[in-house]
Trainee: 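Would you mind keeping the following structure in view while I ask a few things?
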2 protein chains.
Amino acid sequence: MATGRSHRPATRSRGIPEATVARLPLYLRALTALSERSVPTVSSEELAAAAGVNSAKLRKDFSYLGSYGTRGVGYDVEYLVYQISRELGLTQDWPVVIVGIGNLGAALANYGGFASRGFRVAALLDADASLAGRLVAGLPVRHIDELESIVADNQVSIGVIATPAGAAQEVTDRLVGAGVTSILNFAPTVLSVPDGVDVRKVDLSIELQILAFHEQRKAGETEGRQEPDGDVPAVMPA
Amino acid sequence: MATGRSHRPATRSRGIPEATVARLPLYLRALTALSERSVPTVSSEELAAAAGVNSAKLRKDFSYLGSYGTRGVGYDVEYLVYQISRELGLTQDWPVVIVGIGNLGAALANYGGFASRGFRVAALLDADASLAGRLVAGLPVRHIDELESIVADNQVSIGVIATPAGAAQEVTDRLVGAGVTSILNFAPTVLSVPDGVDVRKVDLSIELQILAFHEQRKAGETEGRQEPDGDVPAVMPA
DNA sequence: ATGTCTTTGTGAACGCGTGCACAAAGATGG
DNA sequence: CCATCTTTGTGCACGCGTTCACAAAGACAT
Ligand SMILES: NC(=O)c1ccc[n+]([C@@H]2O[C@H](COP(=O)([O-])OP(=O)(O)OC[C@H]3O[C@@H](n4cnc5c(N)ncnc54)[C@H](O)[C@@H]3O)[C@@H](O)[C@H]2O)c1
Ligand SMILES: NC(=O)c1ccc[n+]([C@@H]2O[C@H](COP(=O)([O-])OP(=O)(O)OC[C@H]3O[C@@H](n4cnc5c(N)ncnc54)[C@H](O)[C@@H]3O)[C@@H](O)[C@H]2O)c1
């Protein structure tokens with residue numbers, strides 16, 4: 001079992017780097033897979049390979065959580081799953097509302113990855129009255145006018161926006177007004193929110209454009225470079 | 001200084017920083033909106049506000065592309081749209097295949113943001129034979145066995161994966177084998193690919209977990225006390 | 001116990017990204 | 001042509017994130 005040695009890192013508990021936070025879910029996924037195969041312990045090298053990161057980086061990431069490894073052995077899988085889950089706040093229930101039940105919103109509602117962690121879809125909302133009452137993924141679509149009461153009644157703090165871009169800011173304002181403090185935005189718009197509200201965006205179009213950039217560079221390198229120059233900076237009139 | 005000839009010029013020659021590349025699509029979107037309103041020029045301050053970034057950062061980003069601004073005036077909107085489009089490779093056509101036409105794949109196929117830039121859906125592929133021939137977003141779903149010939153015939157270099165996690169690596173291997181060199185992965189798995197192949201991932205579950213982390217921190221702070229430096233309002237695993 | 005072997009935890013160096021602050025470029029007006 | 005005003009382009013400093021490399025912690029065998 002876990003060594004259970006209460007060796008606190010004293011003056012550090014807070015201030016986990018953002019980059020580390022973004023990788024914790026990755027480690028958690030790999031660890032969950034190991035757990036399901038009843039693997040008792042794992043080394044930083046093995047786990048890093050499974051998560052697709054550098055092993056030193058992984059060890060440093062874990063060091064921010066405390067010293068949960070055993071030298072010469074590795075990390076206790078179950079214990080680490082618990083520690084990371086707790087750190088990410090997945091040991092509690094997070095009600096979520098999805099706004100905009102079109103193509104994407106419906107797909108999100110059907111996504112199993114929601115419930116697998118502590119996330120629970122509290123409601124599906126749409127402005128289209130003709131959708132109201134219709135079942136999507138077993139849940140009835142409710143009208144957007146119910147937003148405020150639903151958020152309040154369910155203590156929803158996370159909202160997912162899957163409306164057209166033009167409606168995203170308005171929906172955001174209503175969500176924030178109702179008490180939501182974290183937003184995941186799929187609409188291609190820059191949202192403005194007050195301090196204290198977190199926004200993360202998922203933008204397919206941007207991802208594709210980044211891929212295209214690198215793709216173009218690859219193509220340019222393989223064929224004879226037709227670029228007019230190498231690395232000379234522009235014009236420097238003296 | 002140093003001799004400057006080290007064996008590590010990887011991404012330096014033409015050297016637009018990766019962080020800059022990731023923001024160019026954002027600028028492009030804001031500029032396109034201005035262009036549609038027939039705005040002739042824009043200052044770095046205005047454009048930065050529209051894109052939600054710092055104006056100095058924006059100017060530095062543009063400086064990597066060359067000097068396209070006019071001091072005292074700003075940037076010519078149309079010209080900048082063209083320059084960024086060219087830099088991102090959007091002046092050419094990028095055929096894309098989507099693999100896995102389930103809930104998410106169908107939503108992606110219906111997404112208008114594809115065609116709006118240079119991206120064209122060359123084919124929709126799925127392993128489910130009963131889907132073959134069915135029209136999704138006006139395109140017939142083709143069987144996964146046609147992958148290799150479709151990729152070759154259409155010179156597809158970008159693939160989008162929307163299959164279950166278990167099938168993602170196998171699909172990746174086939175895509176890469178057929179000649180695809182850029183992959184956008186929606187399945188929650190770490191993909192391994194040979195050098196020269198770019199992979200970007202979109203992972204809803206990870207985004208939610210990151211939001212949950214910050215959400216938990218906010219909740220802990222408001223209950224406990226405003227903390228000037230480091231120590232924690234102990235989170236007890238009860 | 002002692003020695004050997006494995007693997008963690010982290011100090012330190014380095015590179016990248018960010019934002020300030022300002023000189024210079026150029027427009028505009030007299 | 002000169003003065004003034006606006007806005008760009010960038011040098012610089014700073015902080016964050018990554019990676020290397022290794023001392024030390026602990027398991028395990030003898
Ligand atoms: N489909 C994709 O794969 C995809 C990918 C990336 C981004 N997006 C973005 O996600 C968003 C949704 O895409 P989609 O394909 O599902 O569009 P969609 O048109 O199918 O669905 C949009 C839904 O939002 C609802 N809606 C409109 N205004 C609303 C409002 N004010 N309040 C509540 N609901 C409102 C509509 O009734 C509709 O049901 C768009 O912004 C799109 O650009 C979609
Ligand atoms: N639905 C979402 O909002 C969402 C969000 C995030 C991530 N994801 C991920 O995206 C993927 C797809 O999600 P979904 O909800 O559309 O699932 P889905 O089950 O509705 O669709 C999966 C499709 O992939 C096809 N498929 C299975 N194996 C295949 C193979 N070897 N080759 C080609 N096609 C194959 C299936 O026939 C099916 O049509 C999953 O990995 C899911 O975890 C989905």
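Residue numbers start from 1 in every chain, and the chains themselves are labelled A, B, ... in the order their sequence lines are given, proteins ahead of strands.
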Trainee: Look at Tyr64(B) and dG17(C) and indicate whether a side-chain polar atom (N or O) is within less than 4.0 Å of OP1 or OP2.
Mentor: no
Trainee: Any donor and acceptor pair, going by atom type alone, linking the side chain of Trp94(B) with main-chain N or O of Gly89(B) inside 3.5 Å?
Mentor: yes
Trainee: How many Å lie between CD on Glu46(A) and P on dT6(C), as a whole number?
Mentor: 14 Å
Trainee: A quick test of your reading: do over 12 heavy atoms of other residues, nucleotides or ligands sit less than 6.0 Å from CD of Gln92(A)?
Mentor: yes
Trainee: Considering only dT8(D), dT8(C), dG17(D), which nucleotide approaches the side chain of Ala19(A) most closely?
Mentor: dG17(D)
Trainee: Let me know, please, whether Ser44(B) or Arg71(A) comes out on the 5' side of the other along DNA chain D by nearest nucleotide.
Mentor: Ser44(B)
Trainee: Would you kindly give the CG-to-P distance between Asp76(B) and dA27(C), to the nearest whole Å?
Mentor: 13 Å
Trainee: So which nucleotide from dA21(D), dA27(D), dT18(D) ends up closest to the side chain of Arg23(A)?
Mentor: dT18(D)
Trainee: Closer to the 5' end of DNA chain D via nearest nucleotide, is it Val73(A) or Pro17(A)?
Mentor: Pro17(A)
Trainee: Counting side-chain heavy atoms from CB outward, which of dG19(C), dA27(D), dG17(C) is closest to Glu18(B)?
Mentor: dG17(C)
Trainee: To the nearest Å, give me how far apart CG (Leu80(A)) and C1' (dT7(C)) are.
Mentor: 15 Å
Trainee: Taking 4.0 Å as the cut-off, does a side-chain nitrogen or oxygen of Asn54(A) come that near to OP1 or OP2 on dG17(D)?
Mentor: no
Trainee: Flag yes if more than 12 heavy atoms outside Glu18(B) fall under 6.0 Å of its CD atom; otherwise flag no.
Mentor: yes
Trainee: Round to a whole Å and report the spacing from OH of Tyr27(A) to P of dT8(C).
Mentor: 13 Å
Trainee: I need the CG-C1' distance between Leu47(B) and dT7(D), as an integer number of Å.
Mentor: 14 Å
Trainee: Identify which nucleotide among dT8(D), dC22(D), dC20(C) has an atom closest to any side-chain atom of Arg59(A), counting heavy atoms from C-beta outward.
Mentor: dC22(D)
Trainee: Do Tyr82(A) and Glu78(A) have side-chain N/O donor and acceptor atoms under 3.5 Å apart?
Mentor: no
Trainee: Can you tell which of dA21(D), dT18(C), dG9(D) lies closest to the side chain of Lys57(B)?
Mentor: dT18(C)
Trainee: Choose from dA24(C), dC20(D), dT10(D) the nucleotide whose nearest atom is closest to any side-chain atom of Lys60(B).
Mentor: dT10(D)
Trainee: Rounded to the nearest Å, what distance is computed from the CZ atom of residue Phe62(B) to the P atom of nucleotide dG9(D)?
Mentor: 10 Å
Trainee: Quick one: is Tyr68(A) getting a side-chain N or O under 4.0 Å of the dT7(C) phosphate, OP1 or OP2?
Mentor: no
Trainee: Kindly indicate, with the supporting measurements, whether the criterion salt bridge (Lys or Arg N to Asp or Glu O under 4.0 Å) is fulfilled by Arg217(B) and Asp198(A).
Mentor: CA-CA 12 Å; Arg217(B) 170 183 289 180; Asp198(A) 284 311; over 6 Å; no
Trainee: Separation of Leu58(B) atom CG from dT7(D) atom P, in whole Å?
Mentor: 14 Å
Trainee: Of all the choices, dT8(C), dG9(D), dG19(C), which nucleotide is nearest to the side chain of Ser63(B) once you look at every atom?
Mentor: dG9(D)
